[in-house]
Amino acid sequence: MMGAANATWKPGRGLLGPLKPLLGAWEAEAEGPYPGSRISCTRAFRPVLGGGWIQLDARWALGPGRAYEETALFGRGAEGRLAFFSFTSDGKRSEGWIADGADVHPQALAFEADMPAGRARFIYWPETGGALGFAVESRTTKGWNRFVTHVYRRIG
């Protein structure tokens, strides 16, 4: 079962309000892609460009000297709804929109994007003790297929 709601998960007002619980720096350690391997990931969310956008800087440490990095901006998309624009260290770029994540957690914040391999979704939700749940999923004919799950703790 996913973590219960907690007092630190309080969305704010306005277009960027749903991102308020994510502000700050977070870290997670998780199982890596190979049996017995471990990875660590940090995510830092902060207001930028006069407070009109939220910037995410993420870094996945995949082993000695190996990292995958992402910078994303969250703000008003072309249709006026909350959107993201992501750029990664492997040269890829994606953009997507706020979506429904209630199937994961009643307070989930989800975003979807159309990728070359199909529809993808990433979700954030509150975990117990002030932690942050995170998952990445791909759309299949049977529903969502989860292939990444992390639990983040605040840094500092």
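- Between E112 and R121, no side-chain nitrogen of the basic residue sits less than 4.0 Å from a carboxylate oxygen of the acidic one, so the salt-bridge criterion is not met.
- Listed by chain and number, the residues in a side-chain contact (heavy atoms from CB on, under 4.5 Å) with R93 are F87, E95 (sequence neighbours excluded).
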TODO: Take D114 and R119, measure what side chain to side chain contact (heavy atoms under 4.5 Å, CB included) needs, and give me the verdict at the end.
DONE: CA-CA 4 Å; D114 288 324; R119 176 77 46 98; 2.6 Å; yes
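- Residue G12 comes nearest to K20 through the heavy atom pair N-CB, 3.7 Å, listed as atom of the first residue, atom of the second, then distance.
- Counted by atom type alone, W53 and Q55 present zero donor-acceptor pairs between their side chains at under 3.5 Å.
- Using modelled atom types, one side-chain atom of R76 and one backbone atom of G80 make a donor-acceptor pair closer than 3.5 Å.
- Classified by interplanar angle (parallel below 30°, tilted 30° to 60°, perpendicular above 60°), the ring pair W60/Y68 is perpendicular.
- Two rings, from F111 and F74, have their centers less than 6.0 Å apart.
- Minimum heavy-atom separation, F85 to G77: CZ-CA, 4.3 Å.
- Using a 4.5 Å heavy-atom threshold, the side chains of L132 and P126 count as separate.
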Open item on the list: Assess the residue pair H105 and W9 against the criterion (ring pair (Phe, Tyr, Trp, His ring centres under 6.0 Å)); give the C-alpha distance rounded to whole Å, side-chain angles, the decisive distance to 0.1 Å, and a yes or no.
Closed with: CA-CA 12 Å; H105 187 283; W9 191 273; 7.6 Å; no
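- With sequence neighbours left out, the side-chain contact (heavy atoms from CB on, under 4.5 Å) criterion links D100 to A102.
- Side-chain atoms of T88 come within 3.5 Å of backbone atoms of K92 as a donor-acceptor pair (strictly under, hydrogens ignored).
- With F45 as the partner, the ring pair (Phe, Tyr, Trp, His ring centres under 6.0 Å) test is satisfied by one option alone out of Y152, Y124, F84: Y124.
- Nearest heavy-atom pair across A67 and S89 is O-OG, 4.2 Å.
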Check residues 21-28 and write down every donor-acceptor pair under 3.5 Å in which the side-chain atom is one partner and the other belongs to a residue at least two apart or another chain.
| unit_1 | atom_1 | unit_2 | atom_2 | d |
| --- | --- | --- | --- | --- |
| W26 | NE1 | L22 | O | 2.8 |

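- Between W125 and R146, the closest heavy-atom pair is CH2-NH1, 4.1 Å.
- The shortest non-hydrogen separation linking R139 to G143 is NH1-CA, 3.4 Å.
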TODO: May I have the step-by-step check of side-chain hydrogen bond (donor to acceptor under 3.5 Å, both in side chains) for S40 and E29, ending in yes or no?
DONE: CA-CA 4 Å; S40 63; E29 197 173 294; over 6 Å; no
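- A donor-acceptor contact under 3.5 angstrom links the side chains of T71 and D57, judged on distance only.
- Geometrically, R43 engages F134 in a cation-pi contact, judged by NZ or CZ lying under 6.0 Å from the ring centre and within 45° of the ring axis.
- Residues L56 and V148 share a single hydrophobic cluster, defined by chaining ILVMFWY side chains whose heavy atoms lie under 4.5 Å apart.
- Nearest heavy-atom pair across I123 and A110 is CG1-CB, 4.1 Å.
- In this structure, CD1 in I54 is found 10.0 Å from CG in L73, a value given to the nearest 0.5 Å.
- Residues F147 and I39 share a single hydrophobic cluster, defined by chaining ILVMFWY side chains whose heavy atoms lie under 4.5 Å apart.
- Put simply, V104 and V151 are part of two different groups of oily side chains (I, L, V, M, F, W, Y) that touch within less than 4.5 Å, one to the next.
- In this structure, N145 CG and E137 CD are separated by 8.0 Å, a value rounded to the nearest 0.5 Å.
- One hydrophobic cluster holds both V136 and L109 under the rule that ILVMFWY side chains link at heavy-atom gaps under 4.5 Å.
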